[in-house]
Amino acid sequence: MAEPMAKTSSNTPRNLSGNQRHFLDLCDLSATEIRAIVDGAHRIKARRRAPLASDKVLSGKSIAMIFEQPSLRTRMSFDMGIRELGGESIMVTGKEIELGERESIADTARVLSRYVDGIMIRILSHSQLVELAQHATVPVLNGLTKTSHPCQVMADVQTFEEHRGNISGKTISWVGDSNNVLRSWVEAAAKLEFTIKVATPEELQPDPKLVEWAKANKADLRLMRDPNAAVEGSDCVVADAWVSMGDKDGKRRHNLLKPYQVNARLMEVAGPQAIFMHCLPAKRGEEVTNAVMDGPQSVVFDEAENRLHAQKSVLAWAYGESFA
Ligand code: CP
Ligand code: NVA
């Protein structure tokens with residue numbers, strides 16, 4: 001990972017009024033909070049076409065969305081989710097506001113807090129995300145940094161549970177690079193008490209600080225080299241791009257990760273009980289083949305849809321609300 005993790009424990013800045021909270025990393029939340037967010041996501045999905053009046057938790061609220069990096073899912077699902085909860089969104093790119101260049105991140109946070117009720121941001125630097133939260137007086141939500149992608153994993157847990165029931169006690173197998181999405185999976189594994197087996201090349205192992213955090217927090221994290229060993233008998237195989245946003249060593253990663261492709265043969269080793277997940281966008285023919293992406297075990301488009309539902313539940317949580 002390009003940037004060492006800014007923190008591995010519950011030190012989320014808390015300078016918010018009332019019941020407001022930042023959503024920066026899953027490690028900052030209690031197991032009860034994470035469970036409540038996932039349960040809320042299941043409920044709000046089930047009544048999407050007939051919401052309760054009390055579901056409009058963003059009524060009268062505006063959320064700024066800042067994208068320093070490209071996005072399809074995060075941008076569209078947050079925008080739709082905010083609308084469906086009765087709120088409004090304003091989108092700017094990091095380029096448009098020269099994020100971190102034209103003025104400090106702290107001043108950006110102070111100014112935005114005077115205009116809007118919340119800030120959702122995609123920014124590579126995790127420490128800049130934390131800095132923004134430290135100086136904002138409205139909730140800040142992590143829409144992906146180089147370090148973590150907690151909204152994604154909330155949707156992933158929701159998706160898993162739709163297909164395989166409660167995730168506690170189940171086994172998730174991660175195959176490929178140790179990236180931002182994996183970190184959020186490991187944090188979720190500790191909180192929701194499931195096993196996570198991780199197969200990576202020696203050169204792309206998870207950050208030792210994350211492994212230390214996992215141990216201290218009793219996560220059942222198992223690191224290995226062999227993808228077959230990681231997936232055999234698993235409930236879910238997860239892949240992600242070999243080259244993430246901000247990675248500069250694409251050629252090296254392709255060479256290292258070639259043996260980690262999720263293909264029909266690997267899914268056969270996993271077994272028919274295993275579902276396949278990928279946060280998307282996928283590079284078909286690299287980390288995953290068409291046969292797996294479009295095959296019967298794949299739930300990748302449910303997963304993409306669930307970004308909408310899971311993030312609604314995250315937004316509700318950020319304002320001290322929930323979908324009962
Ligand atoms: N999975 C995900 O975050 O997709 P986008 O980069 O398109 O937002
Ligand atoms: N690991 C990927 C996730 C994209 C949603 C990246 O950071 O580019």
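All figures in this text were calculated on a predicted structure; none of them were measured in a lab. As the structure lists them, so they are numbered: ligands from 1, and atoms in each ligand from 1.
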Checklist line | M76, R307, R75: member with heavy atom nearest to atom 2 (C) of ligand 1 | finding: R307
Notebook entry, point to check: Looking only at heavy atoms, is any part of Q69 under 4.0 Å from ligand 1, and if so is it the side chain, the backbone, or both, or is it neither?
Noted result: neither
Item checked: Proximity of L280 to ligand 1 by residue part, where a heavy atom lies under 4.0 Å -> backbone
Next item on the list: Using distance alone, with no hydrogens and no angle criterion, decide if N180 and Q152 have a side-chain donor and acceptor under 3.5 Å apart.
Entry: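 No, no side-chain donor-acceptor pair sits under 3.5 Å.
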Item checked: Protein contact to atom 6 (O) of ligand 1 [nearest heavy atom, distance to 0.1 Å] -> R122 NH1, 2.7 Å
Check: Which residue holds the protein heavy atom closest to atom 7 (O) of ligand 2, what is that atom called, and what is the gap in Å?
Finding: N180 ND2, 2.8 Å
Margin query: Under 4.0 Å, counting heavy atoms only: does L280 come that close to any atom of ligand 2?
Written below: yes
Margin query: Is there a side-chain contact between D240 and D177 in this structure, where contact means two heavy atoms from C-beta onward sitting under 4.5 Å apart?
Written below: no
Check: Is H149 in polar range of ligand 2, meaning some N or O pair under 3.5 Å apart?
Finding: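 No, there is no polar N/O contact under 3.5 Å.
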Notebook entry, point to check: Under 3.5 Å, N or O to N or O, is D240 touching ligand 2 that way?
Noted result: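 In this structure, D240 places an N or O atom under 3.5 Å from an N or O of ligand 2.
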Notebook entry, point to check: Which of the atoms in ligand 2, numbered in the order shown and given with their element, are less than 4.0 Å from a heavy-atom of M245?
Noted result: 4 (C), 6 (C), 7 (O), 8 (O)
Notebook entry, point to check: Any idea which atoms of ligand 2 are less than 4.0 Å away from a heavy-atom of N179?
Noted result: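 Reading through ligand 2 atom by atom, the close ones are 1 (N).
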Check: Which of the atoms in ligand 1, numbered in the order shown and given with their element, are less than 4.0 Å from a heavy-atom of S71?
Finding: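 Reading through ligand 1 atom by atom, the close ones are 5 (P), 6 (O), 7 (O), 8 (O).
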Item checked: NZ/NE/NH1/NH2 to OD/OE distance under 4.0 Å, R284 and D294 ->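 Between D294 and R284 there is a salt bridge, with a charged N closer than 4.0 Å to a carboxylate O.
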Margin query: Any salt bridge linking R35 with D39? Criterion: basic side-chain nitrogen under 4.0 Å from a carboxylate oxygen.
Written below: yes
Checklist line | Heavy-atom donor-acceptor pair, K312 side chain to L308 backbone, under 3.5 Å | finding: no
